[in-house]
Protein chains: 2
Amino acid sequence: MSLRIALLGLLRASGPSSGYDLAKSFESTLNYVWQAGHSQIYPELVKMAADGLVTVEAEGARGRKVYAITQEGSAQLRGWLLEQTPSLTVRSESALQAFLLPVLDPADAVAALERLRERYVEKVAMLETLCDQHGSKAFGRYALDHGLRHARTTIEWVDDTIATISRDIGHGGSCDENVAD
Amino acid sequence: MSLRIALLGLLRASGPSSGYDLAKSFESTLNYVWQAGHSQIYPELVKMAADGLVTVEAEGARGRKVYAITQEGSAQLRGWLLEQTPSLTVRSESALQAFLLPVLDPADAVAALERLRERYVEKVAMLETLCDQHGSKAFGRYALDHGLRHARTTIEWVDDTIATISRDIGHGGSCDENVAD
DNA sequence: GCGTGACATGTAAGAATTTACATGTCAAAA
DNA sequence: TTTTGACATGTAAATTCTTACATGTCACGC
């Protein structure tokens with residue numbers, strides 16, 4: 001369902017677009033909260049057209065098909081946004097890794113957290129650049145802002161976690177606990 | 001791979017546990033960053049045992065099987081944590097919804113954001129309670145802390161986004177733009 | 001004219017995830 | 001004593017997601 005809603009939202013926000021355009025939009029604006037490749041997007045658009053949520057508005061060069069959202073699609077998007085109660089959970093591989101780091105020796109954990117920190121610093125810089133380019137105009141602004149705030153929050157968390165773990169260094173690590181065989 | 005690593009991490013942090021225990025741990029500590037149900041966990045543990053990463057250390061009442069991480073499992077966990085560069089992307093249904101809200105009339109969008117805000121306020125309260133219970137002891141503390149910070153950041157984002165959208169009310173909404181048919 | 005890279009769409013296979021089905025045990029309260 | 005709820009493990013089916021394969025067009029520079 002999320003993919004469908006995301007595509008309807010992009011069509012609504014950006015106007016008629018091809019699957020290729022939508023894949024790019026996913027990459028550049030929705031990437032901070034949802035991901036989908038073209039191999040997922042193309043078949044989904046076909047199904048959505050069959051369900052009357054979008055129509056092929058025009059066909060252009062290189063087989064390009066321009067989809068537009070229909071009134072039915074627009075109604076479904078609005079209904080979902082107003083009525084659905086989305087799950088508040090998040091899926092983040094990097095956060096998962098960060099949480100498991102404390103099972104390492106404290107020194108290793110700190111080193112790994114510092115590498116993670118650097119990557120988030122880069123991410124923040126990248127997002128800030130994008131933010132400046134966008135100005136305060138585009139639809140994607142909210143997404144960008146969200147991504148930026150969360151990346152900064154992660155850096156703060158990493159810093160505090162490093163500090164906490166560092167205090168434990170010398171007080172005995174978790175190195176060989178809980179291992180069988 | 002993430003599921004495997006998460007299970008190894010939990011076994012390492014909590015000591016020998018059954019699939020049932022691990023499912024509970026997932027729910028209570030890792031839930032903020034990764035989700036897995038028992039129907040995913042049980043078969044994965046069987047595969048991991050076949051690969052020598054865990055062993056069935058004991059069998060108890062009600063068919064309970066207690067798994068323990070092996071040295072090989074421990075080595076693989078450590079290797080992954082130190083060497084892997086996880087993707088920094090996140091998948092969040094609620095954030096996706098939040099991003100698409102601006103395609104609604106500003107008034108609808110603000111109403112929906114306010115409902116979202118309430119849910120996050122509840123979440124923060126819940127996490128704060130859990131935090132107090134845990135004290136500063138447990139492994140899951142980092143996860144909890146992370147979840148709490150991100151939930152608070154989301155609330156701030158919602159507030160600022162509401163403010164931004166509210167300023168636009170009366171300046172013309174996005175109500176019937178970009179709809180075909 | 002030829003190559004390269006962005007444009008553009010698709011399918012296939014496999015992995016991961018979710019939801020539902022299915023079964024059985026144990027402890028404690030009513 | 002019976003029933004309820006937590007404990008405990010699985011499988012099946014459907015969906016979603018990722019990775020790889022496969023194909024062809026157009027514009028631009030060399």
Side-chain angles (χ1 to χ4, degrees), chain A residues 1-8 10-11 14 16-28 30-31 33-51 54-67 80 84-93 96, chain B residues 1-8 10-11 14 16-28 30-31 33-51 54 56-67 80 84 86-93 96:
Chain A
M1 205 65 234
S2 292
L3 175 60
R4 214 163 244 237
I5 295 301
L7 291 173
L8 289 174
L10 287 176
L11 284 173
S14 317
S17 319
S18 68
Y20 187 86
D21 295 335
L22 290 167
K24 293 272 166 180
S25 293
F26 244 104
E27 182 79 26
S28 66
L30 247 37
N31 196 250
V33 289
W34 206 263
Q35 301 82 44
H38 74 274
S39 66
Q40 225 188 326
I41 292 171
Y42 289 133
E44 188 65 26
L45 285 169
V46 171
K47 284 185 225 159
M48 288 163 76
D51 292 344
V54 298
T55 48
V56 178
E57 200 198 46
E59 304 204 24
R62 286 175 271 188
R64 180 183 172 89
K65 287 195 229 168
V66 179
Y67 290 90
W80 191 84
Q84 270 292 310
T85 324
S87 92
L88 299 189
T89 58
V90 157
R91 199 171 275 253
S92 161
E93 202 183 314
L96 173 64
Chain B
M1 204 68 236
S2 292
L3 175 59
R4 210 162 249 238
I5 295 302
L7 291 172
L8 289 174
L10 287 176
L11 284 173
S14 316
S17 319
S18 68
Y20 187 85
D21 296 335
L22 290 166
K24 293 271 166 178
S25 293
F26 243 103
E27 182 78 25
S28 66
L30 247 38
N31 195 249
V33 289
W34 206 263
Q35 301 82 44
H38 74 274
S39 67
Q40 225 187 326
I41 292 171
Y42 290 133
E44 187 66 25
L45 285 169
V46 171
K47 284 185 224 159
M48 288 163 75
D51 292 345
V54 298
V56 178
E57 201 199 44
E59 304 205 21
R62 285 176 267 188
R64 178 183 172 89
K65 289 193 230 170
V66 178
Y67 290 89
W80 191 83
Q84 270 293 310
S87 92
L88 298 189
T89 59
V90 156
R91 198 172 274 249
S92 162
E93 203 184 311
L96 173 64

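Letters A, B, ... mirror the listed sequences (proteins, then strands); counts begin at 1.
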| Can you check whether A:R64 has a side-chain N or O nearer than 4.0 Å to OP1 or OP2 of C:dG10? | no
| field | Euclidean distance, B:M48 CE relative to B:L7 CG, rounded to 0.5 Å | value | 5.0 Å
| Heavy-atom check, side chain of A:V54 versus side chain of A:E44, under 4.5 Å | no
| Touch class at under 4.0 angstrom, heavy-atom based, for B:G37 against every strand present | nothing
| query | When the distance from CD of B:E93 to C1' of C:dT18 is rounded to whole Å, what number comes out? | reply | 12 Å
| note | Sorted by position of nearest nucleotide on DNA chain C, 5' first, the leading residue of B:Q35 and A:Y67 is A:Y67
| request: Check the distance between D:dT19's P and B:M1's CE and give it to me in whole angstrom. | output: 14 Å
| Think B:Y42 has a side-chain N or O under 4.0 angstrom from the OP1 or OP2 of D:dT9? | yes
| field | Closest to the B:H38 side chain, choosing from C:dG10, D:dT9, C:dT11 | value | D:dT9
| field | pair A:L45-A:V56: side-chain heavy atoms closer than 4.5 Å | value | no
| Candidate nucleotides D:dC26, C:dT11, D:dT11, ranked by approach to the side chain of A:R62 - the nearest | D:dC26
| task | For C:dT9, take OP1 and OP2 only and decide whether either is under 4.0 Å from a side-chain N or O of A:Y20. | result | no
| said: So if I take every side-chain heavy atom of B:S18 and compare against C:dA12, C:dT9, D:dT9, which nucleotide ends up nearest? | reply: D:dT9
| request: Using only side-chain N and O atoms of B:Q40, determine if any of them is under 4.0 Å from OP1 or OP2 of C:dA16. | output: no
| request: Using atom CG of A:L3 as one end and atom P of D:dC17 as the other, report the distance to the nearest whole Å. | output: 7 Å
| message | Whether B:K24 contacts D:dA6 is assessed here as follows: a side-chain N or O lying under 4.0 Å from the phosphate OP1 or OP2. Is that the case? | response | no
| said: If you define the side chain from C-beta out and look only at heavy atoms, does anything of B:Y67 sit under 4.5 Å from B:E57? | reply: no
| For the base of C:dT17, is there a side-chain donor-acceptor partner from B:S39 under 3.5 Å away? | no
| Are any non-hydrogen side-chain atoms of B:E93 and A:M1 less than 4.5 angstrom apart? | no
| query | Base, sugar-phosphate, or nothing: which does A:G19 touch, judged by heavy atoms less than 4.0 Å apart? | reply | sugar-phosphate
| OP1 or OP2 of D:dT16 under 4.0 Å from side-chain N/O of A:R4 | no
